[in-house]
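Hydrogens, waters and symmetry mates play no part in the numbers below; they use all other heavy atoms, side chains included. Index from 1, following the sequence. One-based numbering, in listed order, for ligands and for the atoms of each.
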Amino acid sequence: MGSNENRNYTFYEFTNSLCPVCLDTVPAKIIIRDKKVYLLKYCKTHGEQLELLEEDVEYHLKKKLYDKPGTSMKIHTKVEKGCPFDCGTCPQHDQHACIGLIEVTNKCNLRCPLCYADAGDGEFLALDHIEKMMDFLQDSEGNQAEILQISGGEPTLHPDIISILKMAKAKKFKYVMLNTNGIRIAEDEAFVKELQQFVGGFEVYLQFDGFKSATYQKLRGENVFSKKQKAIDSLGKHKIPTTLVSSISAGINDDEIGEIFSYGLKQPYVRGINFQPVAFFGRTDQTAEQNRVTLSGILKRMEQQTSGMLRLDDFIPLPCNVERVAITYMYRSSKGGFVPITRDARIQEYLHLINNTFVYTIEDALKNAGRSLLDLNTSCDCFKFLNDFRKIIPLDFFKKSKMQKIEYVDQNTFRISVSSFLDAYNFDMKSMQKECVHVITKDLRKIPFSAYNTIHRKGSSL
Ligand code: SF4
Ligand code: SF4
Ligand SMILES: [Zn+2]
């Protein structure tokens, strides 16, 4: 009969998950063990499953303090089979699209073993169809869509890529990102020159996974490091703001996080780095047990590998999706080096000034503070906020021309974010429903990125 031994974990909360084998919805406990957070689930057919959710329990527990209500958007489907099968977006979804993503092709000049899109030989979407997708995104966001990411496959291979970007700008997306592996950028300087016309609400989102040949072999199928370096040089030469996007996999390149950070900081037009734990969907044969790294795991490694120049505490869970995005800004201090903004400004107190969006810029926060000052109903936090931020951005910043502002931000601030996605292993329904990166499919649906890659891609890809 039963023993009196304790369980080896603490129960924290309950959620729904998926069984990665049969993709059935299964009940899951979120539990804490050895200062880490796990999902413990049970599938009637495939038994008990344990999955790592976060590597730092304290970070996990503090996330909730940053949560804000989601922003509503147009609903396109009904609740029928339950989440994540009703995308989208269905009435259960709790967050609008901070980022709308359009895959303009599934053709690619690389064959990355971890490709989410299973890209390779493929076709190009016609310009008029892409226009319909952009209009659909704008419409579902009440014509105030914020960020459009042009993705693929490799979007720079699309013969109409410049027209696509022109169209995106004409449709008044606040921010347009070009999501690229950088091969064409390294090889075709005339193309980089053409991209210059989009600067101001435009950036290149450049895949960059580290320095080791083995990293590129395992993640990208060939060593493309020298191409990355060439691409960064060319983008710098033509003054094009760039974010490095690093996919991190445990045991492959999780020892390169610190070095990626110091490298990025030194490149004049690299404005930031986005680290992404590799998710287990698409072409990958990695298994969750061996290669899983989590958002807080990346933050911990960053602290270790930058000798504390960045600390786990410098990161705040982004209010639009606290579970899956962490962010910090660094600014150039009067003494020269870069310092995380959290050391000088009490970000936690100013959450109401931060937009429900992914690319939260210092400039946006200052503008919001200015707006709130005119609203007599708000508390005087905004004055404190301006005082705090005066150390960071000189007040004459707003007198600068648009190009001077861009130049100033490029040279003096640096954004570091970590965004993680959900796959069939670490699927947590409550976190899923707050996801703010939405894919616009060619059959005009708007599907949260993780649900798209876990469930829906097969039925709707090019
Ligand atoms: S992921 Fe969002 S849109 Fe999709 S089924 Fe779940 S709640 Fe609905
Ligand atoms: S991950 Fe990106 S670069 Fe690699 S094959 Fe897929 S689309 Fe191409
Ligand atoms: Zn199962």
Taken by chain and residue number, the protein N/O/S atoms under 2.8 Å from atom 8 (Fe) of ligand 2 read Cys108 SG

Closer than 3.5 angstrom, by distance alone: can the side chain of Asn253 be matched with the main-chain N or O of Asp209 as a donor-acceptor pair? yes

Specify the protein heavy atom at minimum distance from atom 4 (Fe) of ligand 1: its residue, its atom name, and the distance to 0.1 Å. Cys87 SG, 2.3 Å

Atom 2 (Fe) of ligand 1 contact by Cys83, N, O or S atom under 2.8 Å: no

Under 3.5 Å, is there a donor on one side chain and an acceptor on the other for Ser246 and Gln276? no

Nearest non-hydrogen protein atom, atom 3 (S) of ligand 1: Cys90 N, 3.3 Å

Could you work out, with ring pair (Phe, Tyr, Trp, His ring centres under 6.0 Å) as the rule, every residue matching Tyr116, not counting sequence neighbours? Phe281

Can you tell which of Met432, Lys446, Glu80, Gln95 gets a heavy atom nearest to atom 1 (S) of ligand 1? Met432

Note the single closest protein heavy atom to atom 2 (Fe) of ligand 2, along with its residue, its atom name and the distance in Å. Gln207 NE2, 3.6 Å

Would you kindly say whether Glu154 and Thr180 are connected by a side-chain donor-acceptor distance under 3.5 Å? yes

Considering just N/O/S atoms, say which atom of His93 is closest to atom 2 (Fe) of ligand 1. ND1

Pair Leu18, Val26 - check side chain to side chain contact (heavy atoms under 4.5 Å, CB included), show working. CA-CA 5 Å; Leu18 295 172; Val26 295; 5.6 Å; no

Looking just at side-chain N and O atoms, do Glu203 and Tyr175 make a donor-acceptor pair shorter than 3.5 Å? yes

What about Phe136 and His76, are their ring centers closer than 6.0 Å? yes

Picking from Arg301, Lys212, Gln304, Gln305, what satisfies side-chain hydrogen bond (donor to acceptor under 3.5 Å, both in side chains) with Asp255? Lys212

ang(ND1 His46, the Zn ion (ligand 3), SG Cys22) rounded to 10° is 110°

Passing candidate, salt bridge (charged side-chain N to carboxylate O under 4.0 Å, His left out) with Glu54, options Arg292, Lys36, Lys63: Lys63

